[in-house]
Amino acid sequence: MAQKPSIPKGTRDFSPAEVAKRNYIIETIRHQFEVFGFQPIETPSFENLETLMGKYGDEGDRLIFKILNSGDYLNKVEPEVYAQKDSAGLTPQISEKALRYDLTVPFARYVVMHQHEIDLPFKRYQIQPVWRADRPQKGRFREFYQCDADVVGPGSLLQEVELLQLYDSVFSDLGLNGVCIKLNHRKILSGIAEVIGAGDKLIPFTVALDKLDKIGQEGVMREMSAAGIGQAAIEKAMPLFSMAKDKQNSLDVLSEFLKDSIVGKQGIEDLKFIAETIRTLELNSTSLEIDVSLARGLNYYTGAIFEVSAPEGVNMGSIGGGGRYDDLTGIFGLKDLSGVGISFGLDRIYLVLEELGLFPETVEESVQVLFVNFGEKEALAALPLIRKMRGEGIKTDLYPADAKLQKQFKYANNRNIPYVVLLGKDELEQKVIVVKDMANGSQNTYAWKDLQQFISTL
RNA sequence: GUGGUUGUAGCUCAGUUGGUUAGAGCGCUGGAUUGUGGUUCCAGAGGUCGCCGGUUCGAGCCCGGUCUUCCACCCCA
């Protein structure tokens, strides 16, 4: 035996039970995507490197998995570039393809390429793996699934409202209560930066503000200062810190704070509309919270931004996120097309459901009825009955070998199979089956011709 | 990418200052039970102590490297 095999860091194998649970989540999400009128697309697992580079910021560029060119790729490198040992300069010369980093940029590329064949507004969903060359942690993998729903076309705030309802529907179906959707607006952040006189430092300002929960007011102020934001500006922003804690009145406080900022006021109007509409429609299992300190999201968001956090007490980063991007397709040459979308982090939702014990028991039920194998003659007699049950859509199986009864029952027990059917010598003679209910141990006898009777109890 | 952490049976983990043949629980296999699982009792199998190298008379234990796990940054789902 050679070296033990292994898989790359941050990747995983999935056992049948895990796949069953993952499929349960995927099907729940897919169902609601379709109920909300989204259509599926799929895109290649790898794109041209230039399609992806520069879309996620410097940090994102670093985390993109690049694919080495085929053949004698070093041969084409200019000697000067090679000699300089400059990785950034060398990369485009030895790699022209890269693994998909998210689903949004490929979607934007798709819209531009297929603009003449899609009807706007186009509501698409996409459930596929993405890859990031990140250092793994709990709930952070190098290969993971995103489940995205986006709308492109004429912009309307009703779409934001619908997407929030979509979040709510999915988490309700999954039985995951206490999920909190945080809501903010890029224009509010711009307005704040403008009002405090740090308009040119928007990104570092928002990145620092986002850490308020984590490092506190002092930490945020220190980080802003380190980012080159002036002391006067930071002090002007101070009311925001206390406001972030008092989430009820945040819009009123913000209105006052941003009264001189046109952009800022637009952001407030948007959020007011979204929050009030949601309030009248009511959410089922999730809560909506306006949070000025929410600043995450990729560089392309321009309007509302969302982030979904797991219920309190579960230590997990965000399990979903999204927002509006007014000009995503602009970078691919198609102007004035607005989009808004959300994403579900399948792998993290899985971990949350697992931790809270929220997977339905039936999810792992691969077989409903197992026929015991008593030998060739009995097994052959069972086959027509099994075929009939399978024809009715019942997950039915015959134990594949004439093993000890004890072993077959143990197998059924370990697999959580609820019913075991006995068809041995006696049953064969009398043309009956004995059905054992594994939950309570009770047994019932049915004639072969009355199989339907048994089926109807399932 | 930076700093730290982890790895021993299929799983969860013990393993003393470095000292014979590395343990437990669960699981697995067989038996008590030749037509009955989930409870009980008895017996058994199962380990290159992540990998490579070093120190030592002697390494699961000490040192270096490497891979992996998890954590804090960074960033993110």
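All chains are named by letter (A, B, ...) in the order of the sequence lines, taking the proteins before the strands, and each is independently numbered beginning at 1.
Position along RNA chain B of the nearest nucleotide to Gly441(A) versus Tyr145(A) favours Gly441(A) as the more 5'-ward residue.
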Which protein N or O atoms sit under 3.5 Å from an N or O of nucleotides 5-9 of chain B?
none

Report each atom pair, protein N/O against N/O of nucleotides 1-3 of chain B, whose distance is under 3.5 angstrom.
{"residue": "U2(B)", "atom": "O4", "partner": "Arg135(A)", "partner atom": "NE", "Å": "3.3"}
{"residue": "U2(B)", "atom": "O4", "partner": "Arg135(A)", "partner atom": "NH1", "Å": "3.1"}
{"residue": "G3(B)", "atom": "O6", "partner": "Arg135(A)", "partner atom": "NH1", "Å": "3.0"}

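For Phe409(A), counting side-chain heavy atoms from C-beta on, the closest listed nucleotide (U36(B), C76(B), C75(B)) is U36(B). Looking at the side chain of Lys138(A), the nearest of the listed nucleotides C75(B), C76(B), C70(B) is C70(B). Of the candidates U29(B), C75(B), U69(B), the closest approach to any side-chain atom of Lys410(A) belongs to U29(B).
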For residues 451-458 of chain A, run the donor-acceptor check on the side chains, cut-off 3.5 Å, and write out each pair with its distance to 0.1 Å, sequence neighbours left out.
{"residue": "Ser456(A)", "atom": "OG", "partner": "Gln452(A)", "partner atom": "O", "Å": "3.4"}
{"residue": "Ser456(A)", "atom": "OG", "partner": "Gln453(A)", "partner atom": "O", "Å": "2.7"}
{"residue": "Thr457(A)", "atom": "OG1", "partner": "Phe454(A)", "partner atom": "O", "Å": "2.6"}

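Every residue was checked against the side-chain contact (heavy atoms from CB on, under 4.5 Å) condition with Lys214(A), not counting sequence neighbours, and none meets it. By the side-chain contact (heavy atoms from CB on, under 4.5 Å) test, Asp426(A) is found to be paired with Gln430(A), residues two or more places apart in sequence or in another chain being considered. The ring pair (Phe, Tyr, Trp, His ring centres under 6.0 Å) check on Phe144(A) picks up nothing, with sequence neighbours excluded. Evaluation of the side-chain contact (heavy atoms from CB on, under 4.5 Å) rule for Asn69(A) yields Tyr73(A), Glu96(A), Lys97(A) as partners, not counting sequence neighbours.
Across all strands, Phe141(A) comes closer than 4.0 Å to base atoms (heavy-atom distances). At a threshold of 4.0 angstrom between heavy atoms, the contacts of Glu59(A) include nucleobase atoms, whether or not backbone atoms are also involved. Heavy atoms of Val372(A) sit nowhere under 4.0 angstrom from any nucleic acid atom. Using a 4.0 Å heavy-atom cutoff across all strands shown, Gly139(A) reaches at least one base atom of the nucleic acid. Within 4.0 Å (heavy atoms only), Gly322(A) reaches no atom of the nucleic acid at all.
Residue ring and base: Phe144(A) counts as stacked with A77(B) (centre distance below 5.5 Å, interplanar angle below 30°).
The closest donor-acceptor contact from the side chain of Thr206(A) to the backbone of Leu202(A) lies under 3.5 Å. The backbone N or O of Ser318(A) sits less than 3.5 Å from a side-chain atom of Arg348(A), completing a donor-acceptor pair. Remark: side-chain polar atoms of Asp134(A) are not paired, donor with acceptor, to backbone N or O of Phe141(A) under 3.5 angstrom. Listed for the Ser190(A) side chain is a donor-acceptor partner under 3.5 Å among the backbone atoms of Arg186(A). Of the possible polar contacts, none joining the Lys211(A) side chain to the Ser293(A) backbone as a donor-acceptor pair under 3.5 Å is found. Here the side chain of Asn440(A) pairs a donor or acceptor atom with the backbone of Ser442(A) at under 3.5 angstrom.
One can place CE of Met316(A) at 14 Å from C1' of C71(B), the figure rounded to the nearest angstrom. Taking atom OH on Tyr411(A) and atom P on C28(B), their separation rounds to 14 Å, with Å as the unit. To the nearest angstrom, P of G37(B) lies 16 Å from CG of Asp437(A). Across the protein-nucleic acid pair, Ile203(A) atom CD1 and C76(B) atom P stand 10 Å apart, rounded to whole Å. Computed from coordinates, the Glu223(A) CD to C75(B) P distance equals 7 Å when rounded to whole Å. If you measure from atom CZ of Arg142(A) to atom C1' of C75(B), you get 15 Å, rounded to the nearest angstrom. Remark: P of A77(B) and CG of Asp210(A) are 11 Å apart, rounded to the nearest angstrom. Look at CG on Asp347(A): it is 18 Å from P on C76(B), rounded to the nearest Å.
Contacts classified as ring pair (Phe, Tyr, Trp, His ring centres under 6.0 Å) and involving residues 310-330 of chain A (residues at least two apart or in different chains) are given here: Tyr300(A)-Tyr325(A). For the ring pair (Phe, Tyr, Trp, His ring centres under 6.0 Å) condition, no pair includes a residue of residues 199-223 of chain A, sequence neighbours left out.
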Under a 4.0 Å heavy-atom criterion, the protein footprint on nucleotides 30-35 of chain B, written with B, S and -, is -S---B

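One C1' atom belongs to G58(B), the other to U20(B), and the distance between them is 11 Å to the nearest Å. Distance noted for atom P between U17(B) and C75(B): 44 Å (whole Å). To the nearest whole angstrom, the two P atoms, one in G27(B) and one in U12(B), are 15 Å apart. For the C1' atoms, the distance linking G47(B) with A14(B) amounts to 15 Å, nearest Å. Nucleotides A9(B) and C73(B) have their C1' atoms positioned 37 Å apart, rounded to a whole Å.
Using the six-membered ring where Trp is involved, Tyr56(A) and Tyr101(A) have ring planes that are tilted, between 30° and 60° apart.
Under a 4.0 Å N-O distance rule, the pair Lys21(A)/Glu18(A) does not qualify as a salt bridge. Using a 4.0 Å cut-off between charged side-chain N and carboxylate O, Arg12(A) and Asp347(A) make a salt bridge.
Side-chain N/O atoms of Asn414(A) include one lying less than 4.0 angstrom from OP1 or OP2 on C28(B). One finds a side-chain N or O of Lys9(A) lying less than 4.0 angstrom from the OP1 or OP2 phosphate oxygen of U68(B).
A cation-pi arrangement, defined by a distance under 6.0 Å to the six-membered ring centre and an angle within 45 degrees of its axis, is absent between Arg124(A) and Tyr110(A).
Aromatic ring centres of Tyr399(A) and Phe409(A): separated by at least 6.0 Å.
Residues from residues 30-49 of chain A that place a heavy atom under 4.0 Å from any atom of RNA chain B: there are none.
For RNA chain B, each stem of at least three Watson-Crick or G-U pairs (distances under 3.5 Å) is given as range with range: B:1-4 with B:70-73, B:10-13 with B:23-26, B:28-32 with B:40-44, B:50-54 with B:62-66.
Side-chain atoms of Lys436(A) and base atoms of U36(B) include a donor and an acceptor less than 3.5 Å apart. Looking at Asn413(A), its side chain has no donor and acceptor atom pair within 3.5 Å of the base of G38(B).
Considering Thr104(A), Thr43(A), Asp148(A), Asp150(A) as possible partners of Gln126(A), the one that fulfils the side chain to side chain donor-acceptor pair (under 3.5 Å) test is Thr43(A).
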